[in-house]
Number of protein chains: 2
Amino acid sequence: MNTRGEMWQAEILRVLNRHHTPISAYDVLETLRETHEKISPPTIYRALSALTKRGRVHRVESLNAFIACQCGQHQHTSILSICEDCGAVEESVAPKILKDLSSVIGKSGFSPMRHVIEVHGTCASCGSRKAQS
Amino acid sequence: MNTRGEMWQAEILRVLNRHHTPISAYDVLETLRETHEKISPPTIYRALSALTKRGRVHRVESLNAFIACQCGQHQHTSILSICEDCGAVEESVAPKILKDLSSVIGKSGFSPMRHVIEVHGTCASCGSRKAQS
DNA sequence: CGCGCAATGTTATATAGTAACGTAATCGCA
DNA sequence: TGCGATTACGTTACTATATAACATTGCGCG
C-alpha cells in the first residue's frame, strides 16, 4: 500500500512529539533532512495535511505551525491556548462552546464546517513567574 | 504629526473596504502600486498592523489575509464566519462565548489576551444555491 | 504483459513577512 | 532659535511559508 506516505507521517509525528511547542513545517523539514537528505517541502506538507485530516496533528493557524494532538481522542475540534511567553500550547475540548458558536453564527444561515479557536495569552506557570517579580 | 503613516492607513482601509472578501497584504500592495509606484511591503504591513491594533481591520489568521472591520463598534474581538464557496466573511460579536471560553481555558490557570475565532463553512446564500441543484 | 490510475518525488516558483539600516521629521530643552 | 535625541518612515534585501506543475514510480487489473 502507500507505505512511503505513511512512513513520512509516522516520522513527522515522531518529530512533532519531541516538542511541546508548535513547530513550523520547515523546522520539521530540517530535522528530517538530518536522516533523509533529499526530502523536500511538498512531501512534508502532504504528510502534514494527511495527519491534520486524521486529527493527529493540529495546524496552529495563528502561528503557521504544527503541533501533535495531545489528547487521547483525536478527530474533534480542539481549542488551543497558546502561551506567548513559553510557547506551550494546551488543548481543551468544549463541545458546549462549539454548539453555542454554531448557534450564534447559524442565525444568519451560515453552516459551519471547521472551527479555528486559538487563544493567545499567558499560561499558569509563566503567569505566576511574572507575578512574583 | 505622523501624517504619512496615517495616510497609508486611510488608503489601505479604502482598498479593503472595496472588497467583501479578505485580501492579502500583497493584493493591497499591488493595488496601491497603481497610484504609488514605490510603495513596499513594510509600509503595508506597518499600516495593517496599526489598523489591526485599532480594530479597524481584522487579520484572518486562517487565510493570511485582511478584511476591514464591518461592524460599528471596533476594538472588540469578533467571530469571523468564512464562506469557503464565495469567500464572504461575516462578523459576529458574542461576549458570552468569549466569557465561556475564558472560563474553560482559565481552569488551568491560563490567562487569555487575544482570541482568534474563525469558522469556515458555507454562507446562507451559497448553501441554498447548493441545495437547489 | 502492459495499460491506466493514483501516490510520490522533484523542480521551480509563488506568496507572505521581516530584519536591518539609512534618512527625515519631531520633540525636549537650554 | 538651535541642536541633540528620539521616533517614524523609506528602502533594500532577505527569510519563511506554501504550492503548482510535471516526472516518475509502483500497483491493480484485464
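First the proteins, then the strands, lettered A, B, ... as listed; each starts at 1.
M7(A) has its CE atom 15 Å from the C1' atom of dG26(D), to the nearest Å. Computed from coordinates, the E61(A) CD to dA18(D) C1' distance equals 13 Å when rounded to whole Å. Following rounding to the nearest Å, E37(B) (CD) and dT12(D) (C1') show an atom-to-atom distance of 18 Å. Taking atom CD on E30(A) and atom C1' on dT15(D), their separation rounds to 12 Å, with Å as the unit. What separates CG of L32(A) from C1' of dT8(C) is a distance of 16 Å, to the nearest Å. Distance, H36(B) NE2 to dT11(D) C1': 17 Å, rounded to whole Å. Atom CD of E6(A) and atom C1' of dG26(D) are 15 Å apart (whole Å). The CG atom of L48(B) sits 14 Å away from the P atom of dC9(D) (whole-angstrom rounding).
More than 12 non-hydrogen atoms from other residues, nucleotides or ligands lie less than 6.0 angstrom from NE2 of H76(B).
Cluster membership for I39(A) and V15(A), using ILVMFWY side-chain heavy atoms within less than 4.5 angstrom, is shared.
Shown here are the side-chain contact (heavy atoms from CB on, under 4.5 Å) partners of R46(B), two or more places apart in sequence or in another chain: P42(B).
Between the side chains of H58(A) and Q70(A), no donor-acceptor pair of N or O atoms lies under 3.5 Å.
At least one side-chain heavy atom of I12(A) sits less than 4.5 Å from a side-chain heavy atom of L32(A).
Listed by first then second residue, pairs satisfying side-chain hydrogen bond (donor to acceptor under 3.5 Å, both in side chains) with a partner in residues 107-120 of chain A read E61(A)-R114(A), S62(A)-E118(A), S62(A)-H120(A), E84(A)-H120(A), S108(A)-E90(B), not counting sequence neighbours.
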(request) List the protein contact pattern of nucleotides 9-20 of chain C with one symbol per nucleotide (5' to 3'): B for base contact, S for sugar-phosphate-only contact, - for none; contact means a heavy-atom distance under 4.0 Å. (result) BBB----BBBB-
